[in-house]
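Order of appearance sets the numbers: ligands from 1, and atoms from 1 within every ligand.
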Amino acid sequence: MEYRLGLIGFPIKQSMSPWIHEQFLKKADLKGDYDIFEIDPDGPVDKKISDLKNRQLDGFNVTVPYKKRIISHLDQLDEDARSIGAVNTVVSHNGNWIGYNTDWTGYLTALKHHYPTIFQKKSCSILLIGAGGAARGIFYGLIKEGFTQVDIANRTQSSAEAIAMLGSTKTETAIMTLKDAESRLGHYDLIIQTTNIGMKPNVTATIMSLEQLHQDSIVSDIIYQPIKTEFLHQASKKGASIHYGHTMLLYQAQYAFELWTSKKIPVDDMAEQLKRKLEEGR
Ligand code: ATR
């Protein structure tokens, strides 16, 4: 069979997903295509999404700004995706669309791969910066993984409070302002930056100062353009360990591909290649 895969979102012309999935198809020795379906948010979005049904895709990824909007077009929704309230992967079974979220597992797998020891200490102190869609998935994953102390710092407190509702009875979550978090940074074992501050072209921006950062901390940024954000630069300067955002991109794709084809492709050797491609600005 030939797999017909793709991506919807806007803007997505620069997306690395076609490259990643074409590599996966090759490695799995499968035939197929991964196409870009850019849908302008100012146009007839719902009609364009419905029209995709005629293309008889086997599956597709969904990115910004349609991770929530896609849900009304689905025939079924996976439980994790329902809790997170966002879908980044759709599997088509005989024309029925089933929605999944692989961003959160992608993030956790990437983190586990690079920093396995943190997963042996579930009571470690974690700070999540930001409370958008990505933060919601990551918070959900951290709780599901059994971490018990996950604080959230965000400009808008109500968004952080809404995410904290996903917590379990075992979780302790303090909601704080960005200023408060900045002064408490030294307290955290793991700091996860999920806002878009520092993303190309605003590469000199950081969400907060890392003055108080402790050198034993791990600092993670989910931005991957640039690969090494100013936030990660400053964390390195402080002697902290850093975790790059492109690894999440790779692992969420690995899970999506597995949902479509039942094949799990090893991604270790692709991380360096992807990093180079992103550095070249392609
Ligand atoms: P994503 O789906 O990629 O997570 P999002 O849902 O738009 O994106 O979330 C963006 C995050 O960046 C939010 O936490 C947002 O803070 P608010 O909830 O207060 O809007 C944060 N963010 C964006 N611009 C910001 C800025 N200039 N200062 C501080 N935080 C900002």
If you take all heavy atoms of Ile138 and Met248, which pair is closest and at what distance? CD1-CE, 4.5 Å

Is Arg155 close to ligand 1, meaning an N/O of one under 3.5 Å from an N/O of the other? yes

For atom 15 (C) of ligand 1, what's the nearest protein heavy-atom neighbour? Residue, atom name and distance, please. Asn154 OD1, 4.0 Å

Can a protein heavy atom be found under 4.0 Å away from atom 20 (O) of ligand 1? yes

Numbered in order shown, the ligand 1 atoms found under 4.0 Å of a heavy atom of Ala134 are 1 (P), 2 (O), 4 (O)

Minimum heavy-atom separation for Lys238 and Glu211, please, with both atom names. NZ-O, 2.8 Å

For the aromatic rings, using the six-membered ring if either is Trp, is the centroid distance between Phe60 and Trp97 under 6.0 Å? yes

Among all protein heavy atoms, pick out the one at the shortest distance from atom 23 (C) of ligand 1; state its residue, atom name and that distance to 0.1 Å. Asn196 OD1, 3.3 Å

Are Tyr3 and Tyr34 near enough that their ring centres are under 6.0 Å apart? no

Shortest non-hydrogen contact from Thr194 to Ala135? OG1-CB, 3.4 Å

Which protein heavy atom lies closest to atom 17 (P) of ligand 1, and at what distance to 0.1 Å? Thr156 OG1, 3.4 Å

Please say whether Leu178 places an N or O atom under 3.5 Å from an N or O atom belonging to ligand 1. no

Give a yes or no on this: more than 12 heavy atoms of other residues, nucleotides or ligands lie within 6.0 Å of atom CG of Asp29. no

Within a distance under 4.0 Å of any heavy atom of Thr195, pick out the atoms of ligand 1 and give their elements. 12 (O), 21 (C)

Using a 4.0 Å cut-off to any heavy atom of Ile197, which atoms of ligand 1 qualify? 24 (N), 25 (C), 26 (C), 27 (N)

Considering all heavy atoms, the nearest Gly130-Asn154 contact: CA-OD1, 3.3 Å

Would you mind reporting whether Ile126 and Cys124 have side-chain heavy atoms less than 4.5 Å apart? yes

Considering non-hydrogen atoms of the protein only, which is the closest contact for atom 5 (P) of ligand 1, and what is the distance? Gly132 CA, 3.9 Å

I need the single residue from Lys47, Lys53, Lys48 that forms a salt bridge (charged side-chain N to carboxylate O under 4.0 Å, His left out) with Asp51. Which is it? Lys47

Ignoring angles and geometry beyond distance, decide whether Gly133 reaches within less than 3.5 Å of ligand 1 through its nitrogen or oxygen atoms. yes

Compute the minimum heavy-atom distance from Ile207 to ligand 1 and say whether it is under 4.0 Å. yes

Atoms of ligand 1 less than 4.0 Å from Gly130 heavy atoms? 14 (O)

